[in-house]
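Worksheet: the structure to be examined is printed underneath.
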Amino acid sequence: MDNNISNNQIIEHIEQELISEILSDVSVGEDAVLKLEPVDFVSKQMAAIFNVIVALHEEGKAIDEHTITSYIQAHKELQFDDYVLVIKTLAHKFVSIADADDHIELIKNASIKRQINAFAEDVIDTNMDPIKFDELLWNLQSRFSTIVNSKHSSKIASINDIAKQYAQHLSKIMSHEEEITGTPTGFPAIDTRISGLQAGEMIVLAARPSVGKTALALNFLLNAARDIKERADKQPNNEIVLMFSLEMSSEQLCNRLVSCMSMVELSPYHRSRLSPVNFQAVNNAIDELSELPIYIDDDGSLNILDIQSKVNQISLHHRIKLLVIDYLGLIKTPKTRSGSYNNRQQEIAEFSGKLKEIAKIHKLPVLVLAQLNRKMDERGKGSGNAKPMLSDLRDSGAIEQDADIVSFIYKPAADEIEGMENTSKDAPTIEVKYDIAKNRNGSTGEVNLEFHRNISRFEERKFTNIPQGLNEKKELH
């Protein structure tokens, strides 16, 4: 009993925080109205205030301290002791809206838990009349489904609400407040094409082995984490980047990140022979890396249900700005599903669909690394042209269908590159193209990169055949 009281007190505090966040930012209210109902609140006071927020939202009126107070004054059934003071206190309470999504989620989860507990008690007390058993069973099933499905009620929205949100988003873009609307990759030419990695989208990055897909994903991860840290230094946020590495250990990834940041080669041979200058550069990189909001799970035995579960857990406490999966072909089949697929293509198709579902539900960009099959190598023999095609995606065409963006990195033919010197397979620096072959919501095209393999670092590079306006000054990322 004491534990329930304690939990209710925590939820009541979160409810107060959410109401304060709504009064601080109208966009929080719009999101809360779509996902919550007054009955989801434990506190009768907060439920009454949220009831008013819903009513004002439906009437298209401003949501602030004065409109809420006036509305309650006009509706006696909503009044409670000291409501004017309570609303004033909530309105003037200093809050950061960075946790608003988490607060909405926690309130909804607590509400569902209470409903399930009540449902369980009713099931225990139900007289299972054998004559009306089928009807009773259907009613129980229907009631439970209603409780579970209430979690996803936010998917249904009126075109009026959608249009308003779109207009606000468009206004920010037009005023150049949000030139990059998604999570930045840190590469201007790529971000110009896709406006950053967009929340709710699945982005596939595919390549043949040894071209640098893991390294490029780490560059994206690092740049996104730096952006979060830079903004958090100005205003605290609860954002992180997350990587599931099914192939490389966390220590190997850390080694690559430090090498990329310090620009010092850290192979086993070079690690034992660092000069004092390079040793200092490495230590500086370690210090910076330790302060970045990067989380890595290197469990190579993960299945798709494990990934879903872990993302759900982490999302309760953090806002994930980028999720990287390295890589799709190594995701294991859940034991409960073993033997239920006819072939590997069916497995990959289901995994791909689940990753797209994670992106949509949690409103985050999911960068999925994938392998290309050997067809492109066969095409490249003799001609020197090894440009990938969408049909080269290994294991399943469902990947192309589920993905919002499909991108490739590949080594172009030598005659395509201006002033290319290092063409050998083992050269420390190779020239590659980042090819956006599919973009559901934007443009396609190629961006030119230079891959410094010994330090796992990518930089933008000028090629001869590059669209006008995309030649950017080369910068280190």
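A side-chain donor-acceptor contact under 3.5 Å links Q280 and N284. A donor atom on one side chain and an acceptor atom on the other are found under 3.5 Å apart for E201 and N441. In this model, a donor atom of one side chain and an acceptor atom of the other lie less than 3.5 Å apart for T185 and D191. Side chains of S456 and S259: a donor-acceptor N/O pair is absent below 3.5 angstrom, by distance only.
In terms of heavy atoms, V211 sits closest to F458 at O-CZ, 4.2 Å. The minimum heavy-atom distance linking N303 with K332 is given by the pair CB-O, 3.1 Å. The two residues A206 and L372 make their nearest non-hydrogen contact at CB-CD2, 3.7 Å. Looking at every heavy atom in both residues, Y434 comes nearest to L449 through CB-CD1, 3.8 Å. Here the closest heavy-atom approach between residue R440 and residue D402 is recorded as NH1-O, 3.8 Å. The two residues I104 and L36 make their nearest non-hydrogen contact at O-CD2, 3.8 Å.
Taking 4.5 Å as the limit, every side-chain heavy atom of H13 sits out of range of all side-chain heavy atoms of I10. H92 has its side chain within reach of E65: a pair of non-hydrogen atoms, C-beta onward, lies under 4.5 Å apart. Within the 4.5 Å cutoff, side-chain heavy atoms of F50 are placed close to those of I22. Residues I53 and I19 have side chains in contact (heavy-atom distance under 4.5 Å, counting atoms from C-beta outward). Counting only heavy atoms from C-beta outward, the side chains of M46 and I107 never approach each other to under 4.5 Å. A heavy-atom distance below 4.5 Å is not found between the side chains of R208 and P388. No side-chain heavy atom of V204 sits under 4.5 Å from any side-chain heavy atom of E400. You'll find the side chain of I240 reaches within 4.5 Å of the side chain of I320, heavy atoms only.
Between K35 and E105 there is no salt bridge, since no side-chain nitrogen of the basic residue lies less than 4.0 Å from a carboxylate oxygen of the acidic one. Electrostatic pairing of K213 and D326 does not count as a salt bridge here, judged by no charged N lying under 4.0 Å from a carboxylate O.
Applying the side chain to side chain contact (heavy atoms under 4.5 Å, CB included) rule to E239 yields the partners I228, R231, N237, R319, K321; only residues at least two apart in sequence or on another chain are considered. For K229, the salt bridge (Lys or Arg N to Asp or Glu O under 4.0 Å) criterion is met by D233, E291, not counting sequence neighbours. A search for side chain to side chain contact (heavy atoms under 4.5 Å, CB included) contacts involving R114 returns V42, A110, S111, not counting sequence neighbours. Residues satisfying the side chain to side chain contact (heavy atoms under 4.5 Å, CB included) test with S443, not counting sequence neighbours, are R193.
Screening residues 202-251 for ring-ring contact (aromatic ring centres under 6.0 Å, His included) gives F187-F220 as the qualifying pairs, with residues at least two apart or on separate chains. Sorted by first and then second residue, the ring-ring contact (aromatic ring centres under 6.0 Å, His included) pairs involving residues 306-334 (not counting sequence neighbours) are Y295-H318.
Other residues, nucleotides and ligands contribute at most 12 non-hydrogen atoms within 6.0 Å of the NZ atom of K360.
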